[in-house]
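Structure record follows, encoded as structure tokens.
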Amino acid sequence: MLPTSETRATSVDAAALYEELRQELIGLLRAADDDELDRPVAASPAWRVRDVLAHGTGITYDLNRQDLAGDTDRQVARHRDDPIEVVIAEWDQEAPAFEEGLRLFGYPLGSHFVADLHAHLQDVRTTLGLPRHDDSGTVLVALDFYLDDLDQGLRADEAGSITVTAGEEVHLVGTGDPVGKLTGDPFEILRCLSGRRSLVQIRRLDWSGASEELAPRVSRYPLPVVDLPSD
């Protein structure tokens, strides 16, 4: 990573940023009516909007108990029929210990959960027809996690290196011979890396080099088989 992400690692309180995103999601859900809460989320079609809340709460509940299984189906099922205020109350109770853990383990873990929560918050905003959450500071913190994840994958597979230009920042991911370049809006690159774009949509980005080989591997998650709505 280049110095921009290294600077964030020492200057950004990722736990505080996570809490800001958590409160924003809670605010959206409290303002939603029953029809909106029951809308299916395009990026997670098995979930309703209210199930995103159950997942966010479930992560904190599980990790506070050192349950690392990450069973999202169980997290959602646990609160499937509960009023959202019951779920919010549990999240409020679990969040302080969880966020203290993020501070204890440092920026790499903190940026991971900022990235995860931002992805789900944006999924809800898209489902509710709201503008995208493209605060530059938040987007770049989330990108730090996904670019680091891509970096590790390329290194493990000895697949060469990619230059990713996200707005004004340039990141070199992978190692060895350069095999391609990706240039674009930081928010749009983030949505691609977080599994919120189809392969067709990913290939529409500004690529050079071995784009046919690189595009399918930019996300750690299975890619949607159809184009998702633009944010």
Is the shortest side-chain heavy-atom distance between Q75 and D62 below 4.5 Å?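 Touching, per the 4.5 Å side-chain cut-off.
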
Quick one: does any side-chain atom of [X] pair with a main-chain N or O of [Y] as donor and acceptor, under 3.5 Å?
X	Y	value
R191	A119	yes
D151	G174	yes
Q152	D149	no
R196	P224	no
R203	E212	yes
N64	E94	yes
S211	W207	no
T10	T7	yes
R155	G153	no
S219	G195	yes

Minimum heavy-atom distance Q201-L228, with the two atoms named: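 Closest heavy-atom pair between Q201 and L228: NE2-O, 2.9 Å.
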
Should the pair H55 and H120 be assigned to parallel (<30°), tilted (30 to 60°) or perpendicular (>60°) ring geometry?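 Correct class here is perpendicular.
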
Are Q122 and H133 close enough that a side-chain donor and a side-chain acceptor fall under 3.5 Å?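 Not at all, the side chains of Q122 and H133 share no donor-acceptor pair under 3.5 Å.
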
Under 3.5 Å, is there a donor-acceptor pair between the D67 and Y61 side chains?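 Per modelled atom types, D67 and Y61 side chains form no pair under 3.5 Å.
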
Ring pair (Phe, Tyr, Trp, His ring centres under 6.0 Å) with F113: which of F98, F145, F105, Y18?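 Testing F113 for a ring pair (Phe, Tyr, Trp, His ring centres under 6.0 Å) against F98, F145, F105, Y18 leaves exactly one candidate, F98.
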
Quick one, R204 with D227, criterion salt bridge (charged side-chain N to carboxylate O under 4.0 Å, His left out). Give me CA distance, side-chain angles, the key distance, then yes/no. CA-CA 11 Å; R204 290 179 189 146; D227 290 0; 3.1 Å; yes

